[in-house]
Amino acid sequence: MTVCPTRSARIELDDAKLLRYSRHILLDELGIEGQEKISAAHVLIIGAGGLGSPLSLYLASAGIGTLTIIDDDEVDLTNLQRQIVHTQARVGSNKAESAKATLSALNPDITIHALGERANDQRLLDLVLAADVVVDCCDNFETRHAVNRASVLARKPLVSGAAVRFDGQITTFDPRVADAPCYHCLFGDEGEANDSPCATFGVFAPLVGIIGAAQAAETLKVITGCGDILHGRLQLYDARTARWREMRYKKDPACPVCGARV
């Protein structure tokens, strides 16, 4: 599926930015126009942990104009095995604030909002409405379903990823597209009973880098309209065998979240 870009206004790039992002601009599929869209975009990142770390680093380095990062958790020593946006000196600090410190040093020209909170449904909807793309990097089904509901209501693209043990997955939901499935179409509420964090199952450190980087690529494609997004396609990665599989899925007409959407 060829993507339709987000509707953010373009921002004209000065000479320093033309040089900084020249390797993007050299790509025919992006060019100056694509980079201007990236620089004008606002991305909401849910979670600054294993997936949010590589995702946010790549989005910041790519020049996303505004990043809003929400996470109410604190950096723990056990996080540092894989959550590369944080440092040992920030153990005990809020993850969103820690990520902001790293990303601001990486690219001081972008705007970063760090929110050390757990958003309720209305607050979450307000944050989603303010963004062009939402990226789900959380580690629990309850939050994923809440983010999905907000995405459907606001009609904002949602890039979803997950990683546990040696297994990762990624897909993109775009409620702007007719008959688009949502997260609930793919994973029903009944999955919440079996949900557990990495502290229970463990996670192979490079796996979150692979999935988080793939989420960054999906996000940039949604913003610029470059290439095909994973609409109706769930990519599954097994780090033990280095193999990708793809599962196709469709909208559930009886979905309680998006089934009645017109």
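All values reported here derive from a predicted model rather than from experimental measurement.
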Distance only, no hydrogens: is a donor on one side chain within 3.5 Å (strictly under) of an acceptor on the other, for [X] and [Y]?
| X | Y | answer |
| --- | --- | --- |
| R90 | T102 | yes |
| T143 | N140 | yes |
| T172 | E218 | yes |
| H42 | T68 | yes |
| Q35 | K17 | no |

Roughly how far, to the nearest 0.5 Å, is the CG atom of N107 from the CG atom of L57? 11.5 Å
Roughly how far, to the nearest 0.5 Å, is the OG atom of S98 from the CD atom of E74? 11.0 Å
State plainly whether one hydrophobic cluster holds both L51 and V75, where clusters connect Ile, Leu, Val, Met, Phe, Trp and Tyr through side-chain heavy atoms under 4.5 angstrom apart. no
Please walk me through it: do Y249 and T171 pass side chain to side chain donor-acceptor pair (under 3.5 Å)? CA-CA 10 Å; Y249 60 94; T171 189; 2.6 Å; yes
Is there a side chain to side chain contact (heavy atoms under 4.5 Å, CB included) between L158 and V147 once you walk through the steps? CA-CA 8 Å; L158 170 62; V147 172; 3.7 Å; yes
So, the side chain of K250 versus the backbone of G232: is there a donor-acceptor pair under 3.5 Å, distance only? no
Donor-acceptor pair, side chain of T219 and main chain of Q215, under 3.5 angstrom: yes
With a 4.5 Å heavy-atom cut-off, do L186 and M247 have their side chains touching? yes
Pairing of [X] and [Y] as salt bridge, 4.0 angstrom limit:
| X | Y | value |
| --- | --- | --- |
| D174 | R176 | yes |
| E97 | K100 | no |
| D121 | R149 | yes |
| D73 | K95 | yes |
| D72 | R118 | yes |

